[in-house]
Trainee: 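One structure follows; several queries about it will come next.
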Amino acid sequence: MALLPESRTDPDGSATLRVLSYNVRSLRDDTAALARVIRACAPDLVLVQEAPRFFRWRKKLARLARAADLVILTGGAPAAGPAILCGLRATVERTEDVLLPLVPGHHRRGFATAVVRFGGARLGVLSCHLSLHTDERLEQAGMLLDRLSALGVEHAVAGGDLNDRPTGRTFRRLAGSLQDCWATAPWGGEHTSTPLDPHQRIDAIFATRGVQVLGCGVPLEQPGVTQEDLRAATDHLPVLAALKVPAAGQS
């Protein structure tokens with residue numbers, strides 16, 4: 001299997017990026033294995049779900065970022081779990097953590113969002129972890145699309161734990177407006193849950209239409225990523241995408 005392209009900025013200002021989406025289960029598992037997986041994927045952006053939210057959550061998330069050679073961009077407790085990590089190659093324009101309406105008896109949900117630049121490319125970024133409840137999850141998909149539009153950028157990427165499969169209403173709603181990166185350019189593995197028995201794709205990365213998807217999937221054969229680390233790191237498998245983002249003003 002061919003490897004995904006490495007990150008770079010082209011002379012015309014466009015940028016090839018690696019984006020990783022990963023549910024880290026509040027760092028309750030083997031964080032050293034988790035950091036090794038992330039580092040081996042060499043991401044420019046990591047869309048985290050179930051980041052630590054409670055006691056000393058900032059220190060825990062910062063420790064993971066440091067071990068993975070990244071920094072915290074936004075999210076964590078203020079976004080009710082979603083977070084974004086990034087490399088030093090990113091120039092941050094702005095960030096915003098968004099709490100979604102709380103349904104009594106359900107978990108609080110939110111979005112971690114940012115606008116970043118890589119070379120001449122501007123990119124909106126959103127990390128999400130959608131509801132376990134069907135109707136609420138579908139409403140949150142609409143909020144996600146609205147939030148991406150509100151970022152006011154031509155190109156954007158969103159990813160996370162959807163708690164829905166590609167045949168579900170929420171997944172189909174997002175895929176109807178955005179590119180489902182795995183379906184657009186499948187690479188690596190498809191199923192993200194569970195590491196011990198991968199049988200369903202409930203984690204995904206989506207991109208707006210102007211972004212070129214160069215490949216996307218579970219990085220099963222990425223150099224440095226081992227089955228042992230994937231099983232030990234958390235209860236989801238990660239999704240890695242290589243995207244080419246045009247320079248601002250290009251289509």
Side-chain angles (χ1 to χ4, degrees), residues 1-5 15-23 41 43-50 82 84 100 109 111-114 121 123-132 134-151 153-195 198-222 236-246 251:
M1 182 183 68
L3 298 179
L4 292 179
T16 297
L17 310 176
R18 285 187 171 204
V19 180
L20 188 72
S21 181
Y22 213 168
N23 183 319
C41 291
D44 298 285
L45 296 163
V46 183
L47 313 180
V48 176
Q49 302 86 51
E50 292 193 33
I84 304 173
L100 302 183
R109 304 285 177 175
F111 300 145
T113 74
L123 185 69
V125 188
L126 185 150
S127 177
C128 69
H129 187 183
L130 303 186
S131 175
L132 291 167
T134 303
D135 291 340
E136 183 183 23
R137 183 168 63 237
L138 184 62
E139 290 182 5
Q140 290 171 351
M143 296 175 195
L144 187 158
L145 296 172
D146 290 343
R147 181 58 53 173
L148 281 187
S149 296
L151 291 176
V153 294
E154 186 177 3
H155 306 297
V157 61
D161 179 351
L162 304 185
N163 278 315
D164 199 29
R165 300 180 183 184
T167 55
R169 290 189 299 159
T170 294
F171 207 118
R172 287 188 287 113
R173 182 170 188 179
L174 294 175
S177 297
L178 304 167
Q179 297 181 85
D180 173 3
C181 292
W182 189 88
T184 301
W187 171 90
E190 176 182 4
H191 297 141
T192 63
S193 176
T194 62
H199 64 280
Q200 59 182 348
R201 183 162 74 100
I202 61 173
D203 305 83
I205 295 174
F206 297 89
T208 51
R209 302 294 180 190
V211 173
Q212 183 182 1
V213 182
L214 305 175
C216 178
V218 178
L220 297 175
E221 298 183 31
Q222 174 71 19
H236 285 243
L237 292 172
V239 182
L240 177 64
L243 309 173
K244 185 166 185 179
V245 183
S251 58

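This is a predicted model, so every value here is computed, not measured. Any value given below was found using the heavy atoms of this structure, including those in side chains, with hydrogens, waters and symmetry copies removed.
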Trainee: Mind checking what makes side chain to side chain donor-acceptor pair (under 3.5 Å) contact with Thr113, not counting sequence neighbours?
Mentor: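 With sequence neighbours excluded, Thr113 shows a side chain to side chain donor-acceptor pair (under 3.5 Å) to no residue whatsoever.
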Trainee: Which heavy-atom pair separates Val157 from Ile205 by the least distance, and what is that distance?
Mentor: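 For Val157 versus Ile205, the nearest heavy atoms are CG2-CG2, 3.6 Å.
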Trainee: Could you walk me through whether Lys244 and Val211 pass the side chain to side chain contact (heavy atoms under 4.5 Å, CB included) check?
Mentor: CA-CA 6 Å; Lys244 185 166 185 179; Val211 173; over 6 Å; no
Trainee: How would you list, by chain and number, every residue that makes a ring pair (Phe, Tyr, Trp, His ring centres under 6.0 Å) with Phe111, sequence neighbours excluded?
Mentor: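 Ring pair (Phe, Tyr, Trp, His ring centres under 6.0 Å) check on Phe111 returns nothing, list empty.
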Trainee: Kindly write out the residues that satisfy salt bridge (charged side-chain N to carboxylate O under 4.0 Å, His left out) with Asp164, not counting sequence neighbours, or none if the list is empty.
Mentor: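 Listed in chain order: Arg137.
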Trainee: Is there side-chain contact between Val19 and Leu243, with at least one heavy-atom pair below 4.5 Å?
Mentor: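 Answer yes - side chains close enough.
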Trainee: Given the rule in the side chain to side chain contact (heavy atoms under 4.5 Å, CB included) test, do Leu126 and Leu148 qualify, once you have shown the distances and angles that lead to the verdict?
Mentor: CA-CA 7 Å; Leu126 185 150; Leu148 281 187; 3.9 Å; yes
Trainee: Can you check salt bridge (Lys or Arg N to Asp or Glu O under 4.0 Å) on Arg172 and Asp180, steps first, answer last?
Mentor: CA-CA 9 Å; Arg172 287 188 287 113; Asp180 173 3; over 6 Å; no
Trainee: Search all heavy atoms of Gly159 against all heavy atoms of Ser21 and return the closest pair with its distance.
Mentor: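 Shortest heavy-atom contact: C-OG, 3.8 Å.
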Trainee: Using a 3.5 Å distance criterion without hydrogens, assess whether the side chain of Thr208 forms a donor-acceptor pair with backbone atoms of Ala156.
Mentor: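 Answer holds: yes.
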Trainee: Name all pairs fulfilling the ring pair (Phe, Tyr, Trp, His ring centres under 6.0 Å) condition that reach into residues 174-195, sequence neighbours left out, sorted by first residue then second.
Mentor: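 As it turns out, there is no ring pair (Phe, Tyr, Trp, His ring centres under 6.0 Å) pair with a partner in residues 174-195 once direct neighbours are skipped.
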Trainee: What is the distance from atom CG of Leu100 to atom NE2 of His129, rounded to the nearest 0.5 Å?
Mentor: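 Separation between the atoms: 12.0 Å.
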Trainee: Would you mind reporting whether Leu17 and Leu123 have side-chain heavy atoms less than 4.5 Å apart?
Mentor: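 They are in side-chain contact.
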Trainee: side-chain contact (heavy atoms from CB on, under 4.5 Å) with Ala204: which residues, sequence neighbours excluded?
Mentor: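 For Ala204 the side-chain contact (heavy atoms from CB on, under 4.5 Å) partners, ignoring immediate neighbours, are Leu162, Phe171, Arg201, Phe206.
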Trainee: With a 3.5 Å distance limit and no angle check, can you tell me whether Gln212 reaches the backbone of Gly210 through a side-chain donor-acceptor pair?
Mentor: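 Not a single qualifying donor-acceptor pair exists.
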Trainee: List the steps and the verdict of side chain to side chain contact (heavy atoms under 4.5 Å, CB included) for Thr192 and Ile202.
Mentor: CA-CA 6 Å; Thr192 63; Ile202 61 173; 3.9 Å; yes
Trainee: Locate the shortest heavy-atom distance separating Val239 from Cys216; write the atom from each residue and the value.
Mentor: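 Closest approach of Val239 to Cys216, heavy atoms only: CG1-SG, 3.6 Å.
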Trainee: To the nearest 0.5 Å, tell me how far Asn23 CG sits from His236 NE2.
Mentor: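 Atom-to-atom, Asn23:CG and His236:NE2 are 4.0 Å apart.
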Trainee: List the steps and the verdict of side chain to side chain contact (heavy atoms under 4.5 Å, CB included) for Leu45 and Val125.
Mentor: CA-CA 9 Å; Leu45 296 163; Val125 188; 3.9 Å; yes
Trainee: Quick check: closest heavy atoms across Gly124 and Leu151, and the distance to 0.1 Å?
Mentor: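 Looking at all heavy atoms of both residues, the shortest contact is CA-CD1, 3.8 Å.
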Trainee: List the residues meeting side chain to side chain donor-acceptor pair (under 3.5 Å) with Gln200, not counting sequence neighbours, and say none if there are none.
Mentor: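 Gln200 satisfies side chain to side chain donor-acceptor pair (under 3.5 Å) with Arg165, Ser193 only.
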Trainee: As an exercise, state the distance from CZ of Arg109 to CG of Leu130, rounded to the nearest 0.5 Å.
Mentor: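 With rounding to 0.5 Å, CZ (Arg109) is 7.5 Å from CG (Leu130).
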Trainee: Going by the rule salt bridge (charged side-chain N to carboxylate O under 4.0 Å, His left out), which residues pair with Arg18 if we only count those two or more places apart in sequence or in a different chain?
Mentor: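 Applying salt bridge (charged side-chain N to carboxylate O under 4.0 Å, His left out) to Arg18 gives none.
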Trainee: With sequence neighbours excluded, what pairs up with Ala112 under the side-chain contact (heavy atoms from CB on, under 4.5 Å) test?
Mentor: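 Ala112: side-chain contact (heavy atoms from CB on, under 4.5 Å) contacts with Thr74, Ala79, Pro82, Ile84, Asp97, Ser127.
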Trainee: Holding to salt bridge (charged side-chain N to carboxylate O under 4.0 Å, His left out), I want the full list of residues that pass it with Asp161, two or more places apart in sequence or in another chain.
Mentor: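 For Asp161, no residue satisfies salt bridge (charged side-chain N to carboxylate O under 4.0 Å, His left out) once neighbours in sequence are set aside.
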Trainee: Among all residues two or more places apart in sequence or in another chain, which pass the side-chain contact (heavy atoms from CB on, under 4.5 Å) test with Leu145?
Mentor: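 Leu145 satisfies side-chain contact (heavy atoms from CB on, under 4.5 Å) with Arg173, Leu174, Ser177, Leu178 only.
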Trainee: On a heavy-atom basis, which atom in Leu4 and which in Ala241 lie closest, and how many Å separate them?
Mentor: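 Leu4 and Ala241 have their closest heavy atoms at CD1-C, 4.4 Å.
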Trainee: List in chain and number order the residues that pass side chain to side chain donor-acceptor pair (under 3.5 Å) with Glu190, two or more places apart in sequence or in another chain; answer none if no residue qualifies.
Mentor: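 Checked Glu190 against side chain to side chain donor-acceptor pair (under 3.5 Å); zero matches.
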Trainee: Any idea which heavy atoms bring Leu220 and Gly189 closest together, and the distance?
Mentor: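 Looks like CD1-CA, 3.8 Å.
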Trainee: Does any donor atom in the side chain of Gln140 or Thr170 lie under 3.5 Å from an acceptor atom in the other side chain?
Mentor: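 Note: Gln140 and Thr170 side chains miss the donor-acceptor criterion.
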Trainee: Please name all residues satisfying side chain to side chain donor-acceptor pair (under 3.5 Å) with Ser131, sequence neighbours left out, ordered by chain then number.
Mentor: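 For Ser131 the side chain to side chain donor-acceptor pair (under 3.5 Å) partners, ignoring immediate neighbours, are Glu136.
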Trainee: State the CG-CD distance between Leu20 and Gln222, to the nearest 0.5 angstrom.
Mentor: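 Reported value, rounded in 0.5 Å steps: 10.0 Å.
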